[in-house]
Amino acid sequence: MIVTKKAISRRTVLRGLGTAVALPLLDAMVPALTAAANTPAKAVRRLAVIYHPNGVIYDKWLPKGAGADFEFSPTLAGLAPFRDQLTIITGLFSDQAEALGDGGGDHSRASGTYLTGVHVRRSDSNVENGISMDQIAAKALERETQLSSLQLTLDDSSLVGSCDVGYSCAYSSTLSWLTPTLPLMSENNPRVVFERLFGSSDSTDTRVRVSRLRQDRSILDAVTDRVRQLQQRLGPTDKTKVDDYLTSVRDVERRLQKAEEQDAKEVPDVARPAGIPDGFEAHAQLMYDLQLLAYQSDLTRVITFMYGREQTARPYPQIGIPEPHHSLTHHQNDPVKMDKCTVIQRYHLKLFAEYLEKLRSTQDGDGSLLDHSIILFGGGISNSDRHTHGPLPTLLVGGGAGTLKGGRHLVYPEHTPLTNLQLTLLDKMGVPTEKIGDSTGQFKELSELSSAPA
């Protein structure tokens with residue numbers, strides 16, 4: 001074998017008419033001399049924040065025991081296969097989401113404050129918050145990727161109007177704030193997300209996509225020749241990676257086309273964007289798969305994803321719960337309503353676990369996508385009936401050795417700021433930050449070499 005200094009660029013993109021398909025991390029993307037030494041491509045770190053609205057039934061969420069000897073609670077039991085990469089954290093509060101003289105609006109403050117640690121301004125037009133933790137990371141990493149960040153949701157999203165006793169809908173529709181007065185719209189349409197990821201940046205002609213859809217063609221058809229040329233330069237392992245990745249892209253695209261075909265056959269009672277599947281579970285799974293593709297192709301390293309806005313009234317008839325979610329959470333200790341809330345929470349975590357398994361099964365450099373991701377899962381309300389903002393349901397998944405030490409339940413003193421955790425995660429992402437909102441310092445206990453808090 002003749003060793004040269006040539007390698008495929010990490011930024012290689014296969015371009016076709018109206019299409020730009022980024023590639024996953026390949027061994028061929030490291031310098032040839034390094035590859036000759038059998039050193040895999042170095043992976044990057046990714047950040048995800050996944051938000052569960054309307055609070056939890058906390059005693060069903062809370063694990064028994066602390067440290068490494070904890071027992072999974074009924075709600076969290078579905079995450080048992082990921083115990084070694086899971087850290088459950090209790091004792092964290094979002095005190096800036098309390099009323100502090102502003103009266104009602106706990107739902108808006110819960111999500112509005114979640115990644116900023118700032119008491120948001122009560123207004124339905126002149127919003128004021130802080131810069132969110134995800135956008136601090138996105139700003140630091142924006143030169144590395146095509147998209148600085150993605151904001152995703154499963155509910156309709158609006159940044160205007162009042163959604164909660166005088167609070168702008170912006171506070172409940174997104175977690176991401178680019179500036180204290182500029183919230184970023186969350187997208188709920190998988191087709192829009194797909195086109196954002198794989199639509200060519202040098203073509204804005206929608207006729208290209210429409211024509212392709214009418215012919216039932218894939219975006220991959222436009223890059224077939226380029227894929228063939230690329231495969232001739234790759235080794236067996238990289239060929240398999242590319243084949244598996246492109247198969248995943250095509251699978252997501254076919255599911256989108258199926259949803260759009262269904263829309264074309266039916267006349268909806270209300271306008272609904274094409275590309276949103278019929279059914280919550282299919283919608284959630286598709287959005288999770290788009291996140292996987294975005295990470296796999298390194299199109300972005302920062303994503304926020306909301307299962308729904310605060311006060312979402314979504315019913316879940318597919319799991320035997322036809323009542324609106326929000327009204328159930330005002331259970332007044334009715335055990336029947338509380339059990340139904342727990343079922344919804346376990347359902348959300350089931351879908352989350354399916355996503356984690358896909359991340360764990362996807363090779364990325366010297367590990368998996370899960371190894372090289374830091375995922376914060378939680379919400380801004382604890383007791384949903386009383387609208388308390390702590391102790392918040394919070395867990396972390398992912399992170400390889402030296403980044404996060406899993407398999408533990410960490411218990412902090414009550415009213416420890418949630419932003420302390422976020423400050424620590426930014427540092428783990430290589431984005432050291434002095435302060436976020438009401439933060440008071442970093443946690444030392446998340447790393448592999450530190451002990452759990454007392």
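What's counted below: heavy atoms across the whole structure, side chains too, no hydrogens, waters or symmetry copies. This structure is a prediction, so every number in the text was calculated from the model and none was measured.
Between the S327 side chain and the E323 main chain, no donor and acceptor come within less than 3.5 Å of each other. Checking side-chain atoms of T174 against main-chain N and O of M185 turns up no donor-acceptor pair under 3.5 Å. For R45 (side chain) and K428 (main-chain N/O), a donor-acceptor pair under 3.5 Å exists by modelled atom type. Side chain of E357 to main chain of A353: no donor-acceptor pair is present (N/O by atom type, distance under 3.5 Å, no hydrogens or angles). With hydrogens and angles disregarded, a donor-acceptor distance shorter than 3.5 Å links the side chain of D155 to the backbone of R309. Between the side chain of S73 and the backbone N or O of K60, at least one donor-acceptor pair lies under 3.5 Å. Put simply, the side chain of R314 gets close to the backbone of L154: a donor and an acceptor are under 3.5 Å apart. The backbone N or O of R301 sits nowhere less than 3.5 Å from a side-chain atom of T145 that would complete a donor-acceptor pair. Although no hydrogens or angles enter the test, the distance criterion places a donor-acceptor pair under 3.5 Å between the side chain of E187 and the main chain of N189.
Side chains of T90 and H409: a donor-acceptor N/O pair is present below 3.5 angstrom, by distance only. Counted by atom type alone, S172 and S111 present zero donor-acceptor pairs between their side chains at under 3.5 Å. Judged by distance alone, the side chains of D371 and S368 do bring a donor and an acceptor atom under 3.5 Å apart. Side chains of S108 and D164: a donor on one and an acceptor on the other come within 3.5 Å. When only modelled atom types and interatomic distance are considered, E310 and H107 share a side-chain donor-acceptor pair under 3.5 Å. Between the side chains of T153 and Q151, no donor N or O sits under 3.5 Å from an acceptor N or O. Looking at D95 and H389, their side chains never bring a donor and an acceptor atom within 3.5 Å of each other.
In this structure, Y307 has its ring center no closer than 6.0 Å to that of Y51. You'll find the ring centres of F352 and F377 inside the 6.0 Å limit. In this structure, W177 has its ring center closer than 6.0 angstrom to the ring center of Y171. Not less than 6.0 angstrom separates the ring centroid of Y288 from the ring centroid of H283.
Both the sub-6.0 Å distance and the 45° axial angle are satisfied by R83 relative to the ring of F70.
Between K358 and E354, no side-chain nitrogen of the basic residue sits less than 4.0 Å from a carboxylate oxygen of the acidic one, so the salt-bridge criterion is not met. Ion pairing of D364 with R46 is present here, as a side-chain N (NZ or NE/NH1/NH2) and a carboxylate O approach within less than 4.0 Å. Using a 4.0 Å cut-off between charged side-chain N and carboxylate O, K350 and E281 make a salt bridge.
Contact check for D385 versus T329: no side-chain heavy atoms found under the 4.5 Å cut-off. Inter-residue side-chain proximity for L328 and I321 is flagged as met; some heavy-atom pair is nearer than 4.5 Å.
Going from atom OG of S373 over to atom CD of Q85 covers 9.5 Å, rounded to the nearest 0.5 Å. Q96 contributes atom CD, which lies 5.0 Å from atom CG of D438 (distance to the nearest 0.5 angstrom). Once rounded to the nearest 0.5 Å, the distance linking CG of L376 with CG of L47 reads 8.0 Å. Going from atom CG of L147 over to atom CG of L299 covers 6.0 Å, rounded to the nearest 0.5 Å. Taking CG of N54 as the reference point, atom OG of S384 lies at 7.5 Å (rounded to 0.5 Å). Between the CG atom in L423 and the OG1 atom in T433 there is a gap of 6.0 Å [rounded to 0.5 Å].
Contact record, R109 with A97: NE-O, 2.7 Å, taken as the closest heavy-atom pair.
Aromatic ring pairs are classed by plane angle as parallel below 30°, tilted from 30° to 60° and perpendicular above 60°; the pair F280 and Y347 is tilted.
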